Amino acid sequence: MSLAVLASLAVLAFSCPGVAAAGDTVSARQPLRGNATVVSAQGKFELGLFSPRASGRFFLGIWYKNIPVQTVVWIANRASPLSGVASAELRVSPDDGNLELVGLSNSSASRGIVWSSNLSSSSSVSSSPWSNLAVMRDNGNLVLLDGGNSSNVLWQSFDHPTDTLVPEGWLGENKLTGEYQTLTSWRNAEDPAPGMFTCTVDPNGSSEFFFLWNGSRAYWRSGVWTGRVFANMPEAVNNVLFNQTYVETPAYRRITSVLYNNATITRMVLDFTGQIKQYIWVPYSQSWQFFWAAPTVQCDVYALCGAFGICSQRSQPPCQCPPGFTPAAEREWGLNDWSGGCHRSASLQCASNGSTDGFIEIPYMNLTDDSLAVSAQSKAKCESACLKNCSCEAYTFSGSGGCAVIYGGFRNVQQLYVDGGGSSSSLYVRLSDSELRRARGTNTKNGHLWLVLGIVLACLAALGASALAAWILLSRRKRQAEMGNQKESSLVVYSYGDLRAATKNFSERLGGGGFGAVYRGVVNRHAQVAVKKLEGLRQGDKQFRTEVNTLGLIQHVNLVRLLGFCSSHHDKLLVYEYMPNGSLDTYLFRSGFSPSWHDRYGIMLGIARGLAYLHEGCRECIIHCDIKPENILLDKDLCPKIADFGMAKLVGRDFSRVLTTMRGTIGYLAPEWISGLPISAKADVYSFGMVLFELISGRRNTECYGTGHNSDDDADAGQRPSIFFPVWAASRLAEGDAAAVADPRLHGDVSEEKLGRACRVACWCIQDQEEHRPTMAQVVQALEGVVDVHVPPVPRALQHLAMQA
Ligand SMILES: *[C@@H]1O[C@H](CO)[C@@H](O)[C@H](O)[C@H]1NC(C)=O
Ligand SMILES: *[C@@H]1O[C@H](CO)[C@@H](O)[C@H](O)[C@H]1NC(C)=O
Ligand SMILES: *[C@@H]1O[C@H](CO)[C@@H](O)[C@H](O)[C@H]1NC(C)=O
Ligand SMILES: *[C@@H]1O[C@H](CO)[C@@H](O)[C@H](O)[C@H]1NC(C)=O
Ligand SMILES: *[C@@H]1O[C@H](CO)[C@@H](O)[C@H](O)[C@H]1NC(C)=O
Ligand SMILES: *[C@@H]1O[C@H](CO)[C@@H](O)[C@H](O)[C@H]1NC(C)=O
Ligand SMILES: *[C@@H]1O[C@H](CO)[C@@H](O)[C@H](O)[C@H]1NC(C)=O
Ligand SMILES: *[C@@H]1O[C@H](CO)[C@@H](O)[C@H](O)[C@H]1NC(C)=O
Ligand SMILES: *[C@@H]1O[C@H](CO)[C@@H](O)[C@H](O)[C@H]1NC(C)=O
Ligand SMILES: *[C@@H]1O[C@H](CO)[C@@H](O)[C@H](O)[C@H]1NC(C)=O
Ligand SMILES: *[C@@H]1O[C@H](CO)[C@@H](O)[C@H](O)[C@H]1NC(C)=O
């Protein structure tokens, strides 16, 4: 026994001079045994056995050598784990030259080949199989080289990705062998076996990538390659870190990427939640920083929550079981694997007399398939149609959509983010009598409660942020409360006919937004107004009037004023003051015209004051959620006014619409929108910071590295960094060079002091952690010059990128 140990030690000592992990190769003479590892030449990647979450199952994998949180990017035997490391061995087979993993698998008692590179003799002939070499490369690729000709790659891990794509790796199709390189998610956090979600190139030959559920149902598409980007992928992401390209040759078609700076550590992983997520390693914080995801909205992943599960974007975890149901697989559910779905706590009576089961209403649902339309004139008829059939599990009924019954379960239901009443999209789930009684005792509006709680907590946090701000706030509140008591909403109530006439039958469209189109109109013979025709409203008349009257009380010189409304049977319209100078984006990004620094600074201050009022001046904290130049209007004196505030509450729109209109993270969108944390007023602060940068630079933040900007100043574009502007600006600022970030069209005609102040404020506003961002009240003070602003740190998530500038 001890002799055997000595012998194997001797072999190790002989074959790996120095430390055991020094080499980067595995060969017939130099196998990898037990928990030994090999490390790539520059020490970037490590190959060896690991056990996810100490589950007692072992896998051969590749992970980053220098990252303390073990992050596995590739797995060989993902579906056939080893039960221990002691007898495991990775070797090059002396017979056929294959790289193979030998050991005790959990399913058989004897030692055997658990995994093999399966070289097919036809495609890749090795001249001397016994001397083949497996080499761990510094880009994360494990290659098996021909022993007789080391430039002949027989097999490589990049041809067989698991759930992660690293730079220089690829996804696509090998046209010669017909093999696809796809990503397949892990089943859950501790089981790397193939899960429900895959990402693959279009088998029909287009350049588009699909995300599939269960190998069949596409729930997200990249769009086709346009020559520079994929149509549905935000341009911003592709160009910041690496050069991503889609290449088609007679031998293959694939997407691959090259890092601009090979010190960057980044990876894309198809998560077991069905989203592809990009992370960047931030050495400064020693953590992975989430950077981007697709689909942006977690609940857009098909059947994320399994059968009978309900997906709610506003809860953590997003999956919930309806009342009367419990997770079918409790343990997996706890590991964020919701694919098992929910099952009934008590089975349906389904008595032949049919009368003991009942229904529980779950409001605000988006049910996209699984249902069968049935002709029924009333809700009662729809209900009885469902009760009649024992396999009917639920039904939906709406005035417009009619009756739809659901046999054998549903699997893709989303809870929408809404306030207010209406039952247009309710789901009625059939429950047995006993469960029904129990469920009625509990609150069914968890998602709703959660949201309210989140906002309240967030506002509290914002209030607590600084004693000074709190003091200012209190005194302001008092003033406003005094004013508010005397103020009555003085909104004009219009008839639909009035507004149709005023807008000449809605003929002059001023713009459109997430909530409906806006038209120009004239009331009282000469007063110009903007009339917004609301879409997607789910409220009854009474509630609409209440909400609108509340909105009418929110008045500030930097908020667009609501003048009146119309609440007819079919249409709900809002009448606003008219803004002759249009929105900030057309004003600022117009070519051949450059607003003066003085005007820009006035606009910055105005927006800040308007937002501060929304956040802290009103009786209820109002988070705008959608601050961007399109939502800032300018009156005739260029006084900025914020539009579309309070709309989320009024329209009760779907939460996800906020996200989808934004096209990815690098826009105006704070990171917490994607990470699923509660949204606070600080999300607006972040967006405001992004708008500030645009006012400073005179360009879209995302446009700086694009080509084809057809303004007269394209000469300057060449000198611009090819990275995201705020990042570059933040690093210039850290070096004390604020002047460099100003719009070149200003030709240096700026107040250096104010420019520095604006830059520093903008950079504080876009800090990753919301508690590091100032409140809007503090922003106002800083811009007014009442308080000094220190040079902020470069936002952590982006700091790594900034070093490349
Ligand atoms: C490898 O395994 C041996 C014995 O099984 C153990 O003593 C040693 O600490 C392990 N090394 C590592 C790096 O895990
Ligand atoms: C072996 O592992 C696989 C994958 O984790 C699992 O499905 C299977 O049940 C296990 N078999 C035994 C006998 O433990
Ligand atoms: C190798 O081939 C065997 C038999 O054809 C198959 O069962 C196994 O899944 C293959 N392994 C890999 C890694 O492709
Ligand atoms: C070595 O392999 C490469 C790649 O397959 C091939 O192009 C080259 O001709 C081979 N060299 C010899 C000497 O066989
Ligand atoms: C591929 O093309 C066929 C025939 O045109 C079509 O039926 C099929 O839906 C396509 N598949 C995908 C994934 O687009
Ligand atoms: C996934 O697809 C397979 C066949 O392709 C089917 O047998 C299985 O039931 C599907 N799984 C679910 C959860 O629908
Ligand atoms: C990206 O790579 C492609 C192909 O290698 C190359 O043509 C293109 O110029 C590169 N783009 C950038 C911005 O480096
Ligand atoms: C990074 O790139 C440089 C030049 O492109 C190269 O010399 C260097 O070896 C690379 N470093 C690593 C770790 O790949
Ligand atoms: C319906 O049938 C169930 C059991 O079969 C019975 O308990 C119940 O009393 C019946 N209800 C009516 C209204 O007949
Ligand atoms: C419901 O979901 C579908 C598909 O996910 C989406 O297209 C649609 O816009 C959603 N409806 C609402 C009201 O959100
Ligand atoms: C209930 O609905 C299922 C699915 O449509 C159908 O197959 C079955 O025949 C129905 N049973 C009755 C009693 O109507």
Side-chain angles (χ1 to χ4, degrees), residues 25 27 78-79 92 96-99 117 119-135 137 141-159 174-177 179-180 182-188 191 193-200 203 210-220 249-252 270 272-274 299-311 319 321 325 327-333 335-344 367-372 391 393-394 406-414:
T25 55
S27 64
R78 64 187 299 186
V92 172
D96 55 12
N98 264 311
L99 185 63
S117 57
L119 294 178
S120 61
S121 47
S122 59
S123 65
S124 39
V125 185
S126 171
S127 42
S128 49
W130 52 272
S131 60
N132 286 354
L133 270 187
V135 179
R137 291 208 167 140
N141 198 5
L142 175 65
V143 295
L144 182 62
L145 303 176
D146 182 342
N149 173 3
S150 66
S151 51
N152 186 14
V153 175
L154 301 169
W155 175 95
Q156 53 191 328
S157 63
F158 276 1
D159 274 334
N174 181 331
K175 292 184 186 174
L176 304 178
T177 63
E179 272 181 326
Y180 281 82
T182 64
L183 298 180
T184 305
S185 62
W186 285 30
R187 199 165 283 168
N188 58 48
D191 188 358
M196 272 295 184
F197 307 106
T198 46
C199 169
T200 184
F210 300 151
F211 289 14
L212 303 175
W213 173 80
N214 199 20
S216 53
R217 165 118 194 180
Y219 60 90
W220 195 81
T249 72
Y252 58 78
L270 182 59
F272 46 82
T273 58
C299 290
D300 281 351
V301 174
Y302 182 76
L304 179 66
C305 301
F308 292 110
I310 289 178
C311 194
C319 291
C321 290
F325 288 76
E330 200 79 53
R331 189 180 141 72
E332 281 73 21
W333 195 272
L335 292 167
N336 290 358
D337 170 11
W338 307 289
S339 58
C342 307
H343 64 183
R344 295 183 178 279
L367 182 77
T368 48
D369 53 16
D370 307 313
S371 58
L372 195 70
S391 50
E393 307 268 5
I406 297 158
Y407 293 120
F410 47 82
R411 59 166 69 254
N412 193 34
V413 175
Q414 266 191 54

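First listed ligand is number 1; within each ligand, the first listed atom is number 1. Because the structure is predicted, anything quoted here is derived from the model rather than measured.
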Item to check | Contact check, side chains of Leu145 and Val135, non-hydrogen atoms, under 4.5 Å | outcome: yes
Checklist entry - Is atom 9 (O) of ligand 6 close to the protein, meaning a heavy atom under 4.0 Å from it? => result no
Checklist entry - Is atom 14 (O) of ligand 6 close to the protein, meaning a heavy atom under 4.0 Å from it? => result yes
Checklist entry - So Phe197 and Tyr219, would you call those rings parallel, tilted or perpendicular, with 30° and 60° as cut-offs? => result perpendicular
What residue and atom, counting heavy atoms only, is the protein's closest point to [atom], and at what distance?
atom	result
atom 4 (C) of ligand 4	Ser151 O, 3.8 Å
atom 5 (O) of ligand 6	Asn214 ND2, 4.7 Å
atom 6 (C) of ligand 4	Asn149 ND2, 4.1 Å

Checklist entry - Any ion pair linking Glu393 and Arg344 (charged N to carboxylate O, less than 4.0 Å)? => result yes
Checklist entry - Which ligand 6 atoms does Met196 reach within 4.0 Å, using its non-hydrogen atoms? => result 13 (C)
Next on the checklist: Check the SG atoms of Cys305 against those of Cys311: under 2.5 Å or not?
Outcome noted: no
Next on the checklist: Here's a test for you: under side chain to side chain contact (heavy atoms under 4.5 Å, CB included), which of Asn214, Leu212, Asn412 qualifies with Tyr302?
Outcome noted: Asn412
